[in-house]
Amino acid sequence: EDMLFAEYEFELGEQVTDVNELKENEIYALRSAGEGSYWIAGTEKFDEKVLSDAHAMVRRMAERGAERRRTVCVFPKNDPSVTAWAYAFNAPPREWTEPGFDDSAWRRSAGGFGSASIAHANREAVVSTVWNGKDIWLRRRFTMPDGRFLQAVFDVFHDEDVEVFVNGVKVLGLKGYNKEYRPSFVPPSLHGAFRPGENTLAVHVKQTSGGQYIDMGLSVYLSLTETK
């Protein structure tokens, strides 16, 4: 309840990210109609009771003055730019997660790395570069938008274990695999890894068996509350 965010995502495609937009009658109408699945802060799917409890939590947040915010896409999933990602299939030096690491010899690709078979089995898995080995290392740069930073969320499709670093700091570690893009929020204690201006993202994925894939996008929440 101490977090500054609460998000609901419905299978209908409707999203509500501003606590001040969460009107009780609207939420209850969606709940009673049985529309879709409910997501809260990137966790698993919940039933109606959890949605009701979550709505009560959001009301308490609003009463405590939780900050209004806007969502900004920093870079998209399936980034179509052919130079979006630098990648390597062989283990790099220990400093590979650092901003100063020279990745000029790495190959470049648009977003989406995985086996050709997963692209046939899953429509969400867009494979720009075939990856059939046990490990892949990725790097890219991104620019933080102007504004007071509240939260960062990676939209991640991973198969299998993935580690995510920002400016050399590990901000996410996800085990196993998923079959679709799912939001993963950076813990508040690690927000200091993000800097104004240019940042460096580094990603390592380990494959053990079965299908394999990695891609992600990044969005940030910025405060809409005026500072005095």
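Fair warning: this is a prediction, and the values are worked out from it, not measured in the lab. Computation of the quantities below employed the complete heavy-atom set of this structure, encompassing side-chain atoms and omitting hydrogens, waters and symmetry-equivalent molecules.
A 4.5 Å side-chain heavy-atom check between Asp159 and Ile214 finds every atom pair outside the cut-off. Residues Asn167 and Arg195 have side chains in contact (heavy-atom distance under 4.5 Å, counting atoms from C-beta outward). Inter-residue side-chain proximity for His158 and Asn178 is flagged as met; some heavy-atom pair is nearer than 4.5 Å. Between Met144 and Asn199 the shortest side-chain heavy-atom distance falls below 4.5 Å. Looking at heavy atoms from C-beta onward, Phe154 lies in side-chain contact with Val171 at the 4.5 angstrom threshold. A heavy-atom distance below 4.5 Å is not found between the side chains of Val82 and Ser109. Tyr213 is listed as a side-chain neighbour of Val127, based on a closest heavy-atom distance under 4.5 Å. The side-chain heavy atoms of Trp96 and His204, taken from C-beta on, include a pair separated by under 4.5 Å.
A single hydrophobic cluster is not seen to contain both Phe142 and Trp137; linkage of ILVMFWY side chains at heavy-atom distances under 4.5 Å, directly or through other members, places them apart. Under the 4.5 Å side-chain heavy-atom criterion for Ile, Leu, Val, Met, Phe, Trp and Tyr, Phe157 and Tyr177 are members of distinct hydrophobic clusters. Hydrophobic cluster membership is shared by Val156 and Leu201, with clusters built from Ile, Leu, Val, Met, Phe, Trp and Tyr side chains linked at under 4.5 angstrom.
To the nearest 0.5 angstrom, Leu150 atom CG is 10.5 Å from Tyr221 atom OH. Separating the CG atom in Asn78 from the OG atom in Ser128 is a distance of 7.0 Å, to the nearest 0.5 Å. How far CZ of Arg139 is from OG1 of Thr200: 5.5 Å, rounded to the nearest 0.5 Å. If you take CE on Met216 and CZ on Arg182, they are separated by 15.0 Å, rounding to the nearest 0.5 Å.
Judged purely by atom type and a 3.5 angstrom limit, Gln207 uses its side chain to pair as donor or acceptor with the backbone of Ser209. No donor-acceptor distance shorter than 3.5 angstrom exists from the side chain of Asp161 to the backbone of Lys175, with no hydrogens or angles considered. Of the possible polar contacts, none joining the Ser115 side chain to the Asn132 backbone as a donor-acceptor pair under 3.5 Å is found. The main-chain N or O of Trp85 is never found under 3.5 Å from a side-chain atom of Arg107 such that the two would form a donor-acceptor pair.
Residues Val130 and Phe89 come closest through the heavy atom pair O-CZ, 3.7 Å. Counting all heavy atoms, side chain and backbone alike, Ala152 lies closest to Val220 at CB-CG1, 4.2 Å. For Ala125 against Ile118, the heavy-atom pair with the smallest separation is CB-O, 4.0 Å. Residues Pro80 and Ala110 share a closest heavy-atom pair of O-CB, 3.7 Å. Closest non-hydrogen pair, Gly133 versus Gln212, comes out as O-NE2, 3.0 Å.
Judged purely by distance below 3.5 Å, without hydrogens or angles, the side chains of Glu160 and Thr208 pair a donor atom with an acceptor atom. Donor-acceptor pairing under 3.5 Å is lacking for the side chains of Tyr87 and Asp103. Under the 3.5 Å distance criterion, with hydrogens and angles disregarded, a donor-acceptor pair is assigned to the side chains of Ser104 and Asp102.
Less than 6.0 angstrom separates the ring centroid of Phe101 from the ring centroid of Trp106. Checked against a 6.0 Å centroid threshold, the rings of Phe194 and Phe149 count as neighbours.
Stacking of Arg140 on the aromatic ring of Phe75 is recorded, both the 6.0 Å distance cut-off and the 45° axial limit being met.
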Check the pair Val162 / Val203 against side chain to side chain contact (heavy atoms under 4.5 Å, CB included), numbers first and verdict last. CA-CA 7 Å; Val162 59; Val203 180; 3.6 Å; yes
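Between Val164 and the options Val205, Leu172, Leu174, Val186, a side chain to side chain contact (heavy atoms under 4.5 Å, CB included) holds for only Leu172.
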